[in-house]
Amino acid sequence: MVLDVAIEKRLGGFRLDVAFAGERRGVTALFGASGSGKTATVRMIAGMSRPDRGHIRVDGRTFVDRAAGIDLPPERRRVGYVFQDAKLFPHLSVKRNLDYGLRRAPAGERRIAFDEVVGLLGIEGLLERRPHALSGGERQRVALGRALLAQPRIVLLDEPLAALDAARKAEILPFVERLRDEFGLAMLYVSHSLDEVVRLADDLVVLDGGRVRAAGPLVATMSRPELRDIVGVFDFGAVLEAAVVVHDDRYALTVLETPGGHLRVPRMDAPPGRRVRVRIRAVDAALALDPPVRASVVNVLMGRLTAVTPELGPGATARVDLGGAELVVAITRLSAERLGLAPGVPVYVMIKAVALDREEPARPRRRAPDRA
Amino acid sequence: MLTDAEWEALTLSFRIASVGVACALPFAVAIAYVLARVRLPGKTLLDGVVHLPLVLPPVVIGYLLLITFGTRAPVGGWLLETFGIRLVFDWKGAALAVAVVTFPFTVRAVRLSLEAADPELEAAARTLGAGRLDVFWTITLPQALPGVIAGAITAFAAGLGEFGAIITFVSNVPGETRTLPLAIFTAIQTPGGEAQALRLAMLSIALALAGLALAELAARRIRRRRGG
């Protein structure tokens with residue numbers, strides 16, 4: 001087990017009681033609204049604060065175990081911590097910032113090399129500069145490099161993109177993906193952005209009010225009923241794993257292969273064959289019992305209902321099995337009754353292509369050699 | 001331009017002020033760190049004691065030093081017997097007086113710059129594998145450097161001008177404890193010394209201004225390098 005967290009802490013009137021485990025390497029996203037306890041949790045993993053009760057183990061090493069009286073100081077935990085606002089040392093050059101952790105890592109455990117990280121992050125030209133002479137995006141790239149070069153057992157990223165505007169986010173995300181793919185490290189990625197989580201994570205832990213409300217592999221967890229309450233009706237949805245088939249430049253669309261058939265989405269910047277993830281919000285899909293004719297919706301996937309759950313108010317959540325993948329569709333209770341929607345009924349799922357334009361194309365991790 | 005005695009007073013002032021401030025600096029940084037960063041019961045009391053020299057009459061400080069470090073006083077007697085160090089009537093005693101009197105200046109300046117520094121940088125350094133002491137030397141102290149330098153220069157300028165504590169503790173010995181202000185005082189007391197007193201007074205003013213300008217310059221330079 002790579003990550004084993006079971007901690008309790010009282011913070012003023014707030015009670016944090018969080019337990020989750022990461023079974024494998026790759027990116028685990030710690031997702032939740034602000035104030036849900038995400039940052040408090042990662043700070044305890046890094047050793048910046050101490051849980052009242054419980055334990056934290058990483059790669060079989062006990063960082064803290066209150067019952068056993070173990071509490072490693074931060075410098076002996078060797079976590080790579082990436083802060084929201086970089087926290088580069090202002091009195092040191094970029095090069096010396098990058099060197100700070102590297103020089104303090106045990107010589108025998110230096111498997112992540114300076115030149116490789118610098119090249120991967122594209123910061124060769126910045127080495128002699130001081131942090132104040134860098135842009136926000138450059139700073140965050142240097143911060144990523146600095147954390148990695150400390151040869152960490154796990155990388156903790158505490159909303160590393162939250163302080164950046166959309167353009168800078170788009171600039172940094174590919175670098176986070178590269179680091180994830182190249183170094184085979186365990187990463188815990190704290191975020192309140194579903195798009196970032198969908199793009200990066202293998203596993204998802206959902207925090208709400210200081211507790212874990214759902215946890216598991218990303219695709220299976222995203223459409224869990226608990227998520228509807230946490231992300232809200234309009235953002236609730238499912239994630240489909242797909243592959244790029246072909247681009248249709250005339251209409252600025254990309255055709256994806258999904259378990260339910262072809263899906264047309266706004267033009268993606270990815271070559272044919274590339275594995276991608278698409279998040280399909282429940283409110284962007286609709287159901288029909290007969291194949292729709294002369295309708296503007298370009299995507300019609302065939303599937304079979306697995307559940308129809310009435311919600312408070314007018315709505316109901318329908319779950320559709322596309323033959324291995326699941327979609328959630330927000331419908332009214334009225335339609336559910338009128339159409340006689342029940343588990344087992346074959347349905348056509350209509351998805352508006354233009355509704356999928358709100359997010360960046362997501363690229364799931366490709367298998368990388370496990371170096372750690 | 002200056003007589004030998006005046007030169008002597010000037011160089012002596014420099015020596016006493018620089019040694020006094022230099023010796024007090026590490027302690028000032030340590031106390032400032034405690035005041036800025038450590039949670040401690042009785043911190044208000046410590047803060048008060050540190051600031052005492054700022055509000056006490058310098059004569060009282062000189063007197064307190066005398067009854068502590070005089071040759072027959074507890075600490076002074078022990079220093080004389082064990083190390084053969086005598087502080088009264090000695091420039092080293094004057095340096096001690098300067099150290100005590102200027103202590104609050106340095107502590108204040110260092111503390112302010114420590115409080116302005118981001119403690120999260122220290123947390124970041126810890127996660128990168130640096131222990132507490134390592135973090136202090138490589139992150140905390142460099143961050144406080146503008147304050148340390150500004151505080152030291154201000155303390156030095158103030159130390160050049162210390163009068164009451166020095167004359168009370170180590171008296172007015174030419175060539176040993178007669179610093180610039182004591183020389184001015186002596187000149188005023190001497191019939192026909194008005195011209196000399198005026199010259200030395202002008203010199204004092206020039207030195208003080210130069211000191212303040214230097215402190216500001218150093219602080220600005222460091223701020224510019226960090227883009228703060």
Side-chain angles (χ1 to χ4, degrees), chain A residues 39 42-49 63 72-93 96-107 109-110 129-135 139 142-143 145-158, chain B residues 25-26 29 32-34 36-40 109-153 215-228:
Chain A
T39 294
V42 279
R43 288 182 77 89
M44 280 189 267
I45 297 174
M48 294 176 203
S49 77
F63 281 5
L72 283 189
E75 63 269 25
R76 289 186 47 209
R77 297 191 181 197
R78 306 249 316 279
V79 300
Y81 201 107
V82 181
F83 294 79
Q84 195 179 108
D85 47 351
K87 299 291 175 203
L88 298 181
F89 305 130
H91 58 290
L92 300 180
S93 66
R96 295 191 54 202
N97 264 282
L98 290 167
D99 264 339
Y100 195 91
L102 181 63
R103 280 171 41 206
R104 286 164 175 82
E109 291 180 47
R110 294 184 194 170
R129 293 218 211 143
R130 294 242 172 188
H132 68 82
L134 302 180
S135 73
R139 258 178 237 177
V142 174
R146 185 179 66 174
L148 237 75
L149 285 170
Q151 318 295 324
R153 295 176 177 131
I154 184 170
V155 183
L156 309 175
L157 301 109
D158 185 8
Chain B
L25 204 55
V29 171
Y33 183 82
V34 170
R37 287 290 157 80
V38 184
R39 252 185 238 174
L40 193 75
V110 178
R111 180 185 179 175
L112 281 176
S113 65
L114 276 176
E115 281 171 350
D118 183 358
E120 291 281 279
L121 291 180
E122 293 168 16
R126 296 284 301 273
T127 67
L128 291 168
R132 279 176 195 281
L133 209 62
D134 190 356
V135 169
F136 179 79
W137 284 111
T138 56
I139 306 297
T140 314
L141 202 57
Q143 281 203 90
L145 201 63
V148 174
I149 290 172
I153 295 175
E216 182 55 34
L217 216 70
R220 256 190 225 173
R221 218 189 138 116
I222 290 170
R223 272 202 297 271
R224 211 179 24 245
R225 270 168 71 94
R226 302 202 181 151

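Quick note: numbers below take in every heavy atom, side chains included, and nothing from hydrogens, waters or symmetry partners. Proteins come first, then strands; the chains are lettered A, B, ... in the order of their sequence lines, and each starts at number 1.
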**Report entry** Inter-residue atom distance A/Phe83.CZ - B/Thr127.OG1, 0.5 Å rounding
**Finding:** 5.5 Å

Report task. May I ask you to check whether over 12 heavy atoms, not counting those of A/Arg110, lie within 6.0 Å of atom CZ? Result -> yes

Report summary line: Here the gap from B/Leu128 atom CG to A/Arg103 atom CZ, rounded to the nearest 0.5 Å, amounts to 11.5 Å

Report summary line: To the nearest 0.5 Å, atom NE2 of A/His91 lies from atom CG of B/Leu145 at 9.5 Å

**Report entry** Gap separating the OG1 atom of B/Thr138 from the CZ atom of A/Phe89, nearest 0.5 angstrom
**Finding:** 7.0 Å

**Report entry** B/Arg126 side, atom CZ; A/Met48 side, atom CE - distance, nearest 0.5 Å
**Finding:** 10.0 Å

Requested in this report: Only counting residues at least two apart or in another chain, list the ones meeting salt bridge (charged side-chain N to carboxylate O under 4.0 Å, His left out) with A/Arg146.
Outcome: none

Query - Inter-residue atom distance A/Arg43.CZ - B/Glu120.CD, 0.5 Å rounding - result: 4.5 Å

Requested in this report: State, to 0.1 Å, how close A/Leu88 and B/Leu121 come at their nearest heavy-atom pair, and which atoms those are.
Outcome: O-CD2, 3.4 Å

Query raised in the report: Which atoms form the tightest heavy-atom contact between A/Tyr100 and B/Val135, and what is the distance?
Result: OH-CA, 4.3 Å

Query - Side chain / backbone / both / neither for A/Ala143 at chain B, heavy atoms under 4.5 Å - result: neither

Query raised in the report: With side chains defined as the heavy atoms from C-beta onward, is the minimum distance between A/Glu75 and B/Asp134 less than 4.5 Å?
Result: no

**Report entry** Under 4.5 Å from any heavy atom of chain B - which part of A/Arg77
**Finding:** neither

